[in-house]
Q: 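My structure is below; once you've seen it, I'll send some questions.
Every chain is numbered from 1, with letters handed out A, B, ... down the list of sequences. The analysis underlying the following values was restricted to heavy atoms, covering all of them including side chains, and did not include hydrogens, waters or symmetry mates.
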Amino acid sequence: DTAVSQTPKYLVTQMGNDKSIKCEQNLGHDTMYWYKQDSKKFLKIMFSYNNKELIINETVPNRFSPKSPDKAHLNLHINSLELGDSAVYFCASSQVRVDGELFFGEGSRLTVL
Amino acid sequence: AQSVSQHNHHVILSEAASLELGCNYSYGGTVNLFWYVQYPGQHLQLLLKYFSGDPLVKGIKGFEAEFIKSKFSFNLRKPSVQWSDTAEYFCAVDPMNTGFQKLVFGTGTRLLVSP
């Protein structure tokens with residue numbers, strides 16, 4: 001059983017479209033995250049939800065809107081896609097504790113043409 | 001700006017060679033430190049982590065890392081690499097120590113081990 005699963009794994013779309021990426025974790029964690037990995041492999045946090053509440057919101061364009069229907073799911077919706085949005089988006093989860101660690105999904109590679 | 005630096009972007013080694021990957025950070029105060037590995041086509045996995053206590057941390061697959069507070073460093077080591085260690089290695093720092101994993105990652109080091 002995959003601990004953190006994301007769909008789709010690959011997404012190719014045109015500029016201006018709207019797309020969503022879904023994430024689910026079966027680890028019983030209370031916190032979920034979206035990280036973005038750009039073409040140079042640089043990983044940067046975008047959002048985090050704890051028990052469905054947004055707790056981390058980095059400087060991300062408001063075209064990106066996360067939604068957490070419950071603590072096991074965190075989706076990412078992106079409006080009006082731009083070329084610069086092409087990246088690998090990683091979902092992750094953790095339990096809030098000082099010695100916690102992130103468990104990552106396999107990533108969703110988004111290509112905007 | 002506060003950051004995490006990995007100075008080796010690409011490393012090529014032969015099997016059985018020793019490995020040391022550098023990681024330096026610029027955050028003051030108490031930080032939590034991590035090394036993650038990303039094997040080709042796979043997700044990031046935790047290799048090891050440091051929170052407190054013994055500054056020499058042992059992780060999975062024979063990896064270890066040493067936290068040197070005075071040097072703001074957390075270098076990753078392995079005495080003898082294998083072909084299967086070919087991967088991208090990321091150092092990460094949690095500068096807030098709140099329990100929420102708002103990690104700051106380095107830019108990664110791509111390791112290629114030739115058989």
Q: Tell me the residues of residues 56-69 of chain B whose non-hydrogen atoms fall below 4.5 Å from those of chain A, in number order.
A: none

Q: Between B:Tyr36 and A:Glu101, is a side-chain contact (heavy atoms from CB on, under 4.5 Å) present by the stated rule, with each step listed?
A: CA-CA 10 Å; B:Tyr36 280 86; A:Glu101 65 183 79; 4.1 Å; yes

Q: Identify which part of B:Lys49 has an atom lying under 4.5 Å from any heavy atom of chain A, answering side chain, backbone, both or neither.
A: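 For B:Lys49, the contact with chain A is made by the side chain alone.
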
Q: In the single-linkage hydrophobic clustering (I, L, V, M, F, W, Y; side-chain heavy atoms under 4.5 Å), do B:Trp35 and B:Val11 co-cluster?
A: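 Yes.
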
Q: Following the transitive rule for hydrophobic clusters with a side-chain heavy-atom cut-off under 4.5 Å over Ile, Leu, Val, Met, Phe, Trp and Tyr, establish whether A:Val60 and B:Val104 coincide in one cluster.
A: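 Looking at the clustering, B:Val104 is in a separate group from A:Val60.
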
Q: Go through the atoms of A:Lys41 and report whether side chain, backbone, both or neither lie under 4.5 Å from a heavy atom of chain B.
A: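 For A:Lys41, heavy atoms of backbone and side chain both lie under 4.5 Å from chain B.
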
Q: Spell out the residues in residues 81-90 of chain B that have some non-hydrogen atom less than 4.5 Å away from a non-hydrogen atom of chain A, in order of number; otherwise answer 'none'.
A: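 So the qualifying residues are B:Glu88, B:Phe90.
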
Q: CG of B:Leu103 to OG of A:Ser94: how many Å apart, nearest 0.5 Å?
A: 8.5 Å

Q: Could you tell me which non-hydrogen atom of B:Lys102 sits nearest to which non-hydrogen atom of A:Ile45, and how far apart they are?
A: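 B:Lys102 and A:Ile45 have their closest heavy atoms at CA-CD1, 3.9 Å.
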
Q: Is there a path of hydrophobic side-chain contacts, each under 4.5 Å between heavy atoms of I, L, V, M, F, W or Y residues, that connects A:Leu110 with A:Phe90?
A: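 The answer is no; the residues belong to distinct hydrophobic clusters.
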
Q: Examine A:Tyr10 and A:Met15 and state if one hydrophobic cluster contains both, with Ile, Leu, Val, Met, Phe, Trp and Tyr joined whenever side-chain heavy atoms are less than 4.5 Å apart.
A: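 Different clusters.
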
Q: Do A:Tyr49 and A:Tyr33 land in one hydrophobic cluster if side-chain heavy atoms of ILVMFWY residues count as linked below 4.5 Å?
A: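 The answer is no; the residues belong to distinct hydrophobic clusters.
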
Q: Could you please spell out the steps behind the side-chain contact (heavy atoms from CB on, under 4.5 Å) verdict for B:His43 and A:Gln6?
A: CA-CA 11 Å; B:His43 62 282; A:Gln6 300 177 225; over 6 Å; no

Q: Who among A:Thr31, A:Asp30, A:Ile55 has the most heavy-atom pairs with chain B under 4.5 Å?
A: A:Ile55

Q: Where on A:Phe103 is there a heavy atom nearer than 4.5 Å to chain B: the side chain, the backbone, both, or neither?
A: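 A:Phe103 has no heavy atom closer than 4.5 Å to chain B.
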
Q: Heavy-atom pairs under 4.5 Å with chain B: which of A:Lys40, A:Lys44, A:Gln37 has the most?
A: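 Between A:Lys40, A:Lys44, A:Gln37, the count favours A:Gln37.
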
Q: If I measure from the heavy atoms of chain A, does B:Gln45 come under 4.5 Å with its side chain, its backbone, both, or neither?
A: neither

Q: Is A:Glu58 close to chain B through its backbone or its side chain, or both, or neither, when contacts mean heavy atoms under 4.5 Å?
A: side chain

Q: Answer whether the closest heavy-atom distance between the side chains of A:Leu43 and B:Leu44 falls below 4.5 Å.
A: yes

